[in-house]
Each structure stands twice: as C-alpha cells, then as structure tokens.
Amino acid sequence: MSEKLKVGILGGTGMVGQRFISLLENHPWFQVVTIAASPRSEGLTYEEAVEGRWKMDTPIPEAVKKIKVMNVNDVEKVADTVDFVFSAVDMSKDEIKAIEEAYARTETPVVSNNSAHRWTPDVPMVIPEINPQHFEVIASQKKRLGTTRGFIAVKPNCSIQSYVPALTAWKEFEPYECVVTTYQAISGAGKDFRAWPEMVENIIPYIGGEEEKSEQEPLRVWGHVENGEVVKAEAPKITCQCIRVPVLNGHTAAVFVKFRKKPTKEQLIEKLESYAGFPQEEKLPMAPDQFIKYFEEDDRPQVKADVERDKGMGISIGRLREDTVYDYKFIGLSHNTIRGAAGGAVLCAETLKAKGYITKK
C-alpha cells in the first residue's frame with residue numbers, strides 16, 4: 001500500500017460524494033479505498049451503484065469502479081478500513097449528527113460537507129484561507145467525545161463562499177452592514193437539469209433555510225475561540241435573499257456593503273488581489289494559486305467564463321463600484337460543488353493533515 005492516507009467517502013453515491021471521488025482521483029496525499037452509502041447500495045460495485053446517475057463531467061475514476069460499496073451504518077466495519085472519512089451522507093440532521101459522532105468515536109476523523117454540526121460549539125467550521133485557527137477547538141471536542149485522534153470538522157454553506165472572502169480581505173476597513181442576494185445553481189440542491197426540468201428557463205425565489213445560513217454562518221467563520229468553543233462575531237450585520245436560478249454550477253452574489261473606515265476602490269481591489277492564507281503559504285494540493293481574483297471588465301465574473309478558475313477553487317469578484325445608498329457594491333462568484341462543497345472539504349482535510357490533526361492510524 002502506498003504512503004497515502006486511506007480515505008472513506010460516506011454518502012459516496014450522491015452528487016457531493018461523486019464530486020469527492022472525482023476530485024480525489026490521483027490526489028498526492030489521499031487515496032479513496034472505501035465508499036459507504038445506504039443499505040440499498042451495499043455489496044454493489046461503485047460502478048453499479050451509480051449506474052445511470054453519475055453526474056460529473058468526467059468519467060468514473062478507474063480506481064474506484066470495482067470498489068464494493070459498504071453500508072454506511074456499519075460504522076466500526078467502515079472505520080477499520082480507513083485513516084479518515086469525508087461525510088456527504090443524505091440523512092436527517094439528527095441522524096447525521098449521530099453517525100458523524102459515531103465515526104469520530106472510532107478514532108476516525110470526519111471532515112464533513114453536511115450542515116448538521118456547523119453550530120456544535122466545539123466543532124470547527126472552516127474556510128482554510130480565513131479561519132484555520134478554529135481547528136484549535138478540536139482539543140476540547142476530543143475531550144467531550146473521549147477520543148485521542150477522532151473528531152469532526154466541517155466546512156460552511158456553499159453560498160457564503162462567493163462574498164465572505166471579499167469581506168474578510170476588507171476587514172481592516174470594518175464592514176458593518178451588508179445586503180446580499182445570492183443566485184444559486186441547481187447542483188446546490190443535488191440536481192441537474194434532467195432531474196429538475198422545472199428549473200429550465202425558471203427562477204425560484206426560495207431555498208429552504210438558506211437565508212438564515214447566509215446571514216449567520218459568516219459570523220461564525222469570523223468568530224473567535226474562547227474556552228474551547230467558537231464564539232461568533234457580532235458584525236457585520238448581514239441580510240440576505242437566496243434565489244435558485246437555471247445554472248448548473250456556480251453561485252453568484254450581489255452585495256452592498258457599508259464600512260466604518262471608507263476605503264478607496266483601489267485599496268479594496270489591492271486587498272482582494274493580495275489576500276492569501278495558510279493553503280497558499282503551504283502550497284496545499286487543492287489550494288488556488290490566487291484565492292481571490294478581481295475582474296476589471298464590466299461583464300465579469302461570469303459563470304461560464306470564470307467558475308472553473310483555479311480548479312474551481314478560486315473566488316472571483318467584479319463590478320466593484322460606489323453606491324448611492326451603501327458605500328460600495330460588488331458581484332462575487334464561487335463554484336458551489338467544488339470550493340463550496342467537496343473541494344472546500346478536501347482543502348480542509350489537507351490543512352488538517354498539514355497541521356498534524358490527521359495522520360495514519
């Protein structure tokens with residue numbers, strides 16, 4: 001066996017699970033050795049389990065086609081085969097909480113794409129370029145779980161990735177009030193146009209639970225660690241509307257922002273272009289070379305032209321200009337199933353490995 005860490009994918013047959021599997025093909029640090037899903041897929045090869053519902057643009061990686069799918073509920077059995085797992089299970093929130101903690105208690109780190117543990121006080125919710133210091137709470141979580149190496153770490157909601165990086169880059173100018181509207185791709189609901197024909201040439205002005213996540217999760221990302229818990233920030237205040245639009249991949253945000261220390265446009269662009277974090281410093285495999293890119297063209301960023309920038313891990317910003325009511329307004333774009341889901345979780349796992357939290361069993 002190679003020296004790569006052995007990885008399991010929980011919920012590997014769904015859209016996000018498929019994205020994990022495609023992104024991890026030929027990964028220099030990680031190798032998918034186990035795929036677990038619902039009991040109905042148990043015993044099938046992965047190729048058989050996703051027949052007729054493989055949603056990625058690239059073919060199923062050869063290395064996983066013949067892997068026999070395991071029952072995700074056989075926690076000990078699955079955990080025995082891997083060094084850590086990515087979680088993309090499709091269950092109720094309470095079921096997800098329980099099964100992720102069960103895996104963590106087998107001394108298996110869990111890096112989750114799910115929302116169930118995003119507000120568990122001692123579970124870090126991390127965008128690696130922004131708040132990797134929140135991984136410090138893992139020590140407290142291990143005490144609660146009674147583990148030595150098992151823990152849960154999560155990534156935040158996909159939609160906030162299109163505007164939170166920009167606001168973070170501008171922190172010194174003290175943004176204090178934001179109005180955000182997100183225009184969200186259908187893959188964020190785990191669907192494509194074949195599965196959701198009602199979305200063709202349509203807009204739906206409602207995504208259940210999304211507006212609260214888009215307003216509150218940034219505050220947790222910007223929060224601080226205190227007494228073994230993450231305490232959310234108080235500002236900036238964010239109000240948000242979330243709209244489903246007929247786009248396959250790519251969440252766009254239209255943002256208005258007020259600053260306590262109003263900067264110039266040139267200062268704002270310079271902060272965007274120069275912003276980098278731990279993944280760039282360490283040159284992690286999934287890290288974009290340039291985390292945030294600013295586009296000068298009036299009609300950019302665009303989903304078709306820009307969503308795949310830097311392996312789908314780059315954040316694209318454009319149309320920054322002064323506003324008549326707020327100080328500035330801008331457009332942001334991020335890839336919701338790469339940066340916003342599986343790719344963001346892979347980058348979290350790389351950061352955890354680089355910081356010594358994930359090791360071989």
Side-chain angles (χ1 to χ4, degrees), residues 10-11 14 16-17 19-20 84-104 109-142 144-145 150-165 167-168 180 182 184 188-190 207-234 236 238 240 242 251 253 334 336-349 351-352 357:
L10 311 182
V16 175
R19 181 67 78 181
F20 273 120
F84 76 100
V85 296
F86 289 109
S87 176
V89 291
D90 184 11
M91 299 175 173
S92 72
K93 188 171 183 178
D94 286 342
E95 289 172 324
I96 292 170
K97 278 187 169 183
I99 200 166
E100 289 183 349
E101 286 202 358
Y103 274 94
V110 178
V111 182
S112 180
N113 180 72
N114 297 303
S115 65
H117 275 292
R118 286 183 191 156
W119 289 95
T120 302
D122 59 9
V123 171
M125 181 177 74
V126 170
I127 298 174
E129 286 90 349
I130 295 176
N131 62 323
Q133 69 276 12
H134 285 190
F135 288 137
E136 294 169 14
V137 299
I138 287 171
S140 297
Q141 185 192 148
K142 286 178 178 177
R144 173 173 64 85
L145 296 175
F151 63 87
I152 302 162
V154 301
K155 49 145 290 297
N157 194 44
C158 52
S159 66
I160 76 170
Q161 321 270 338
S162 54
Y163 56 94
V164 164
L167 296 172
T168 304
V180 180
T182 58
Q184 299 186 206
I207 306 172
E210 200 75 3
E211 289 169 359
E212 182 182 8
K213 293 175 186 176
S214 300
E215 293 171 355
Q216 294 299 315
E217 287 188 18
L219 299 176
R220 191 165 197 259
V221 170
W222 291 321
H224 66 278
V225 175
E226 186 177 310
N227 298 322
E229 297 183 352
V230 177
V231 179
K232 75 173 186 177
E234 293 298 317
I238 300 172
C240 188
C242 299
H251 287 355
S334 61
N336 56 295
T337 67
I338 301 181
R339 166 57 77 165
V346 173
L347 190 59
C348 278
T351 303
L352 287 161
Y357 289 96

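Everything quoted here is computed from the prediction, not taken from an experiment. All residue numbers refer to positions in the sequence shown, counting from 1.
Of all non-hydrogen atoms in K142 and G150, the two that sit nearest each other are CG-O, 3.6 Å. Minimum heavy-atom separation, P165 to I130: CA-CD1, 4.0 Å. Shortest non-hydrogen contact noted between I152 and H117 is CD1-NE2, 3.7 Å. Contact detail for Q161 and G340: the closest heavy-atom pair is CG-CA, 3.9 Å. Nearest heavy-atom pair across N113 and A342 is OD1-N, 4.1 Å. Across L352 and A153, no two heavy atoms sit closer than the pair CD1-CB, 4.0 Å.
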Exercise for the section: Kindly indicate, with the supporting measurements, whether the criterion side chain to side chain contact (heavy atoms under 4.5 Å, CB included) is fulfilled by F151 and V110. Expected result: CA-CA 6 Å; F151 63 87; V110 178; over 6 Å; no

Practice task
Under the side chain to side chain contact (heavy atoms under 4.5 Å, CB included) rule, what do T337 and V16 come out as? Steps first, then yes or no, please.
Solution key: CA-CA 7 Å; T337 67; V16 175; 5.7 Å; no

Practice task
Test side chain to side chain contact (heavy atoms under 4.5 Å, CB included) on L347 and E129 and set out the steps.
Solution key: CA-CA 9 Å; L347 190 59; E129 286 90 349; 3.6 Å; yes

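Side-chain contact check for V89 versus N114: some heavy-atom pair is nearer than 4.5 Å. Between S214 and Y163, the closest side-chain pair of non-hydrogen atoms falls below 4.5 Å. T120 has its side chain within reach of K97: a pair of non-hydrogen atoms, C-beta onward, lies under 4.5 Å apart. Residues W222 and V164 form a side-chain contact, since some pair of their non-hydrogen atoms from C-beta on lies under 4.5 Å apart. Taking the side chain as every heavy atom from C-beta outward, P124 and Q133 never approach each other to under 4.5 Å.
Between K213 atom NZ and I160 atom CD1 the span is 11.0 Å, to the nearest 0.5 Å. For the atom pair CD1 (I96) and OG (S87), the distance works out to 6.5 Å, reported to the nearest 0.5 Å. With rounding to the nearest 0.5 Å, the separation of CZ in R118 from NZ in K93 is 9.0 Å. From I338, atom CD1 reaches atom CZ of R19 across 4.0 Å, with rounding to the nearest 0.5 Å. To the nearest 0.5 Å, atom CG of residue N227 and atom OG of residue S140 are 8.5 Å apart. Residue E136 holds its CD atom at 14.0 Å from CD of E229, rounded to the nearest 0.5 Å.
Q216 is linked by a side-chain contact (heavy atoms from CB on, under 4.5 Å) to W119, E212, L219, K232, counting only residues two or more places apart in sequence or in another chain. Considering only residues two or more places apart in sequence or on other chains, E211 meets the side-chain contact (heavy atoms from CB on, under 4.5 Å) condition with Q241, C242. Applying the side-chain contact (heavy atoms from CB on, under 4.5 Å) rule to A345 yields the partners F20, F86, V111, K155; only residues at least two apart in sequence or on another chain are considered.
Side chain of H134 to main chain of V230: no donor-acceptor pair is present (N/O by atom type, distance under 3.5 Å, no hydrogens or angles). Judged by distance alone, the side chain of E226 and the main-chain N or O of V231 form no donor-acceptor pair under 3.5 Å. The backbone N or O of N157 sits less than 3.5 Å from a side-chain atom of E217, completing a donor-acceptor pair. A donor-acceptor pair is defined here as one N or O able to donate and one able to accept, closer than 3.5 Å; such a pair exists between the side chain of N131 and the backbone of M125. Checking side-chain atoms of Q184 against main-chain N and O of H251 turns up no donor-acceptor pair under 3.5 Å. Under a 3.5 Å cut-off, the side chain of S92 and the backbone N or O of E95 do form a donor-acceptor pair.
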